[in-house]
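What you see is a predicted model; the values in this text were computed from it and never measured. When reading the values below, keep in mind they use all heavy atoms of this one structure, side chains included, and skip hydrogens, waters and symmetry mates.
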Amino acid sequence: QYSQNVFSIINSVQIIEKNAEPEKTLLTYLRRNLGLTGTKLGCAEGGCGACTVMVSKYHPHQNRIIHYAVNACLAPLCSLHHCAVTTVEGIGSVASKLHPVQERIAKTHGSQCGFCTPGIVMSMYALLRNNPQPSMHDIQEAFQGNLCRCTGYRPILEGYRTFTKDGGCCGGKGQSNGCCLTYGHTQEHVNVSRTDIQTPSQKLYDQSEFMPLDPTQEIIFPPELMVLNKQPQSELRFAGERVLWIQPCSLEELLELKATYPNAKLVVGNTEVGIEMKFKNLLYPVILAPAYIPELNIIQNTQDGIQVGASVTLTVLGDVLRAAVKKLPAHQTEVFKAVLEQLRWFAGQQIRNVAAVGGNIMTASPISDLNPVFMAASCKLTVMSKGTTFFFHVQGSKVVAFHDLIRNTEAEYFSAFKQSPRKEDDIAIVTCGMNVFFKEQSNIVQSIRISYGGMAPVTVLATATCNRLLNRQWNEELLEEACTSLVEEMSLSPSAPGGMVTYRRTLTISLFYKFFLNVQHKLSLDLRKESCHDRTLFLCLQAVPPGHNSDDVVGQPIMHLSALKQATGEAIYCDDIPCYENELHLALVTSTKAHALIKSIDTSDAMAVPGVVAFISAKDIPGSNMTGPVVYDETVFADDKVTCVGHIVGAFVADTQAHAQRAAKAVKISYEELQPVIVTIQDAIANKSFFQPVRSIERGDVAQGFKDSDHILHGEMHIGGQEQFYLETNCTLAVPRGEDGEMELFVSTQSASKTQALVAKALGVPANRVVCRVKRMGGGFGGKESRSTILSTVVAVAAHTVKRPVRCMLDRDEDMLVTGGRHPFFGHYKVGYMNNGRVLALEVTLYSNAGNSLDLSLSILERALFHMDNSYNIPNIRGTGYMCKTNLPSNSAFRGFGGPQGMMIAESWMSDVALSCGLPAEEVRRMNMYKEGDFTPFNQRLDQFTIDRCWEECMQLSDFNKRKDAAEQYNRQHRWTKRGLSIIPTKFGISFTAAGALVLVYSDGSVLLTHGGTEMGQGLHTKMVQVASKTLGIPCSKIHITETSTNTVPNTSPTAASASSDLNGMAIYNACQTLLQRLQPYKDKNLKGCWEDWVKAAYFDRVNLSANGFYKTPDLGYDFETNSGRPFNYFSYGVAVSEVEIDCLTGSHKNLHTCIVMDVGKSLNPALDIGQVEGGFMQGLGLFTLEELRYSPDGYLYTRGPGMYKIPAFGDIPIELKVSLLRDTPNEKAIFSSKAVGEPPLFLAASVFYAIKDAITAARAESNLTGPFRLDSPATPERIRNACEDKFTKLCPPADPGTFIPWAVQV
């Protein structure tokens, strides 16, 4: 007897799904079947949290209702039988009533593009359902599985701090002495200092307005599910197209089924199998779901430990162990503590809530976090198959049933370590568990177990080393022996998968040394000290200058206009548009070779997949196959030759996305490989593979400058690329209109006009037949400026061919593969300087890795050259730039557009000069800085130069000198951790072309505003409404912006280069002025009237109430031949101080403090501007310390999702962060004296990089190494560890280049 229906309740509505498809995830079901589009798809691998929902179920073994957050992108629909699901739509809406969780993230400015917001809201909601008064620590833990690319996280944490025990508002409204506003509240090392706030109106938000949280008002668990759950359960079976899903009820049934289907996979959380089926293209025809089997959910205390069932989730395991640690004496719980420490950094909360202990063991991952601990602790594993029970030995048709965690005895010491690129939610590089047992009352080793993950295809025990250490005293000699032995035993081939070979080998001995010190410390004291940093979030605001008119909306911290809709999931993104009646889905077919001729394409298997309609390729293009943003050097579809892995060869169109993707995987392409395959900048230099032209800028007499210098130094630096990682991947919906070749496109793009032009070119129709519409983007950062068209043209051609609407939203792995990112740069420099650190002459050569087409690479290289001086006045300077043509997907625009790369090289030689002179870096930087009225290398005069003011304020705000003394003191006292400080200025040139706007006034007085800029979270529409409101003198509520479209404002510039507020603001201002002139006569006639009266009077008098505005940046233009002209309209300035602490043994670092002072002119909206500063800074932090794109020597990208590619998470924010906007710096060159703010702050994160370099300098001094050294960006743990040379690194010398093929290369 078994059931074939899934019965669940979603947002209080009963859902019965007959014959559910086992391969369908909850996310697809919510979005496509139920039309609940608030839950977003960000990565499809449980790594970003955009799809978080809350699941509630009655847990028979705990006899209570449990609520937990899950990733809907991994949760199979079949696993939700008898569960209640709550999505972001189910807790509140703008239309009816907001939930406090939704209200607070919006009002505290924690939602910019809004794509990650519903997931963050649901993580917080699930936390509050379990704990209505959480601590700040609980909140940070709840967010470990959520990513955001826009905000820099601080406003989200700051907003949600109001829910904590003592973080909320006391309701005193600042009147009484004891009010929380007057004192600021302190709580578990977390305090917020708000300076410069005199009156409540000058805060970014008012906490007293928030709705209180009332836990009694939450939706109750559906009683009908309660009843069903208490009845005896029957087996469930679902047969899909390719997979049979069986959910047995007892251990007997499970063993029976496993004997019948020996190859069946057991799935509890689907966090591993789901990923294998999606990304590794594996198919498991039978899946057994043992999640509800009572015997597999038990947790029993036995005399020597705890017995845990294999289906117990990691969250439950953590709760049980925490309880045991509280209860039992400390020496008995060492293993438990080690498991808890590993669980703390194990994936994100959403994964831990569903992933089972048994699955974790059986996955047998080489880098498993827990297996080394279990192995070192000699845990017992019970393995069953039909009729027999084993311990330990795991073979084919058996089921893991139980798992015993062992308690420790007195003389036993246990530690576990995990080293990963990012602390939270990251896969390990090396993990280990170490356990030593001493003879009574001595320090002589009786037994020792050391196990490692990440050093072999499976978790391994270092048996030889352990045997050598038996009966030895725990002292320095034992340490020497252990290290030499581990180096031999834990060897790795230099081309081992995962790369980082030297680092991994060094880690095995560094981590043993940590264990050695731990144990030595405990043997002498027998106690343990833990240092724990909690985040302190600081925020300093710009006070609104006195005399500011409160009716004037410009300069007020107005909330992002869509923030509330974003927090409730009601904001519509491209893929949220409801499906058309006969719509089809598209999947790309991409090249697997970096440089090859296409011999043949066999689509016969692919066309046999159910639901497939057509295969589209180059021969289906009605217009031209040539495309490209500036020059037409690319193709829509590869014709006969592919020039990178990920080159688009064709596309399948089918009835569902799953069918289209299955067809794309089934196509067979045969290639003839071509040589050479050029992947890295070094390859390109060797093969002289460059795009033309070569650019150079020169000023002064460089040769003479070098002659006059006291010293000359040479150096080089490589700066890695960066993936934009907008949370919403590229998406296009193309709707053919069926007459005259008309087509309507809904696209997630920063460049509607470019999309229109290139689609028209591919379709062979004039541009007036194509309309491109953009409502909003879930982030862009430059990645949707030109590369979004590679998808739009394909989708448009497909829609034209099949004459039906076609939609495609790329999966994260496809998006990362085909779109390219920030240009990697390699810089070589020669600097001439005096003894006092004054730089006289500089020669720089820059190489950028452009990829397989030109795209925007020339402009990017030019900007890098314009910024090669950063903020320093070098009298004699020459810079030359080359664009390398390589077999990688074309790199493109990304926030900063070459500027950060140019400035990073400048800071590199600056720090080398300071190290060579033995002078403090901040003095050398200050001495070389520009002054008001100086000229740049491209002969532009610096007016209104505020960098020295930013510098002074930043030094003061950060207490630089005091901090520096404290760091030096700390470094004298600690050998294996070091602190470093750095202060870095930035000068960023702002210039862009032109913009248009259209303002329509309707007869009821409401205003519809359209302009050429697109909204991607930066708050452009909000600022534009503020500008129109101030100009027309009417409240913001009367003004509305619906979308950006090519049929309202034509020929627009892309929304890029930070200048969209400047340009579109001026265009709107001009249009509004025209309207005001037309309305003036009616105002004069009726002075007592209001806006509506004047509009009505003008309307009856037949006055045109629509006006278009246009603005172009005045006298721009620069000539490289003559080095004359004005490349920039003005500059934005900023300075940042950062302090870090590095662990010299593992290479990890902590961001202790950052202080930013930014000149944004007179801010149009301080809340949005501070959001941009923090968001830009965090992206820079990723660029310079975390994010590493890893390519194989054949040009294949390994890092294609959040699992392998790490953007900053909640835990990466500096523990103390202060942001201040410089006051009284009006900028007459832009709208209402404001300044551009999008890109300039990104480079300030270099202060973290150079603080790390400062700390490494202190570590190297311990080994008597002084002077300049090379540190490439990003400063990953691997690079930091290898730069801190010591006795351990000497034991693991790297293999000689050329003697092996590395796993990954530096592109």
Expected list for residues 810-817: side-chain donor-acceptor pairs under 3.5 angstrom, two or more places apart:
from, atom 1, to, atom 2, distance (Å)
D811, OD2, K278, NZ, 2.6
D811, OD2, Q661, NE2, 2.9
R812, NE, G42, O, 3.0
R812, NH1, Y726, O, 2.9
R812, NH2, G42, O, 3.2
R812, NH2, Y726, O, 2.7
R812, NH2, L727, O, 2.9
E814, OE1, D811, N, 2.8
D815, OD1, Y726, OH, 2.7
D815, OD2, N730, N, 2.9
D815, OD2, N730, ND2, 3.1

Could you pull out all residues at least two apart from [X] that satisfy ring pair (Phe, Tyr, Trp, His ring centres under 6.0 Å)?
X     : result
H647  : none
Y1198 : Y1196, W1303
Y284  : none

So, using salt bridge (charged side-chain N to carboxylate O under 4.0 Å, His left out) as the criterion, who are the partners of [X] when residues are at least two apart?
X     : result
R662  : E241
E1043 : R773
E1187 : R149

### Message
Under the salt bridge (charged side-chain N to carboxylate O under 4.0 Å, His left out) definition, can you give me all pairs with a residue in residues 42-55, not counting sequence neighbours?
### Response
none
#### Entry: Residue pairs, two or more places apart or on separate chains, that pass side chain to side chain donor-acceptor pair (under 3.5 Å) and touch residues 789-805
T732-S792
### Query
How about H1011 and H1021: are their ring centroids closer than 6.0 Å?
yes
### Message
If I compare all heavy atoms of E728 with all of G778, which pair ends up nearest, and what's the gap?
### Response
OE1-N, 2.7 Å
#### Entry: Minimal non-hydrogen separation, I10 against L36, with atom names
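Of all heavy-atom pairs spanning I10 and L36, the closest is CG2-CD1, 4.0 Å.
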### Message
The criterion is side chain to side chain donor-acceptor pair (under 3.5 Å); which residues satisfy it with T86, sequence neighbours excluded?
### Response
none
Would you give me the side-chain donor-acceptor pairs under 3.5 Å for residues 606-621, sequence neighbours excluded?
from, atom 1, to, atom 2, distance (Å)
S617, OG, K619, NZ, 3.2
D620, OD2, S617, N, 2.8

Donor-acceptor list for residues 761-771 side chains, cut-off 3.5 Å, not counting sequence neighbours:
from, atom 1, to, atom 2, distance (Å)
K761, NZ, S624, OG, 3.0
K761, NZ, M626, O, 3.1
R769, NH1, D740, O, 3.1

#### Entry: Electrostatic pair D575:R32 at N-O distance under 4.0 angstrom
yes
### Query
Quick one: is the NZ or CZ of R776 closer than 6.0 Å to the six-membered ring centre of Y573, and within 45° of its axis?
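Yes; both conditions hold, so R776 lies above the ring face of Y573.
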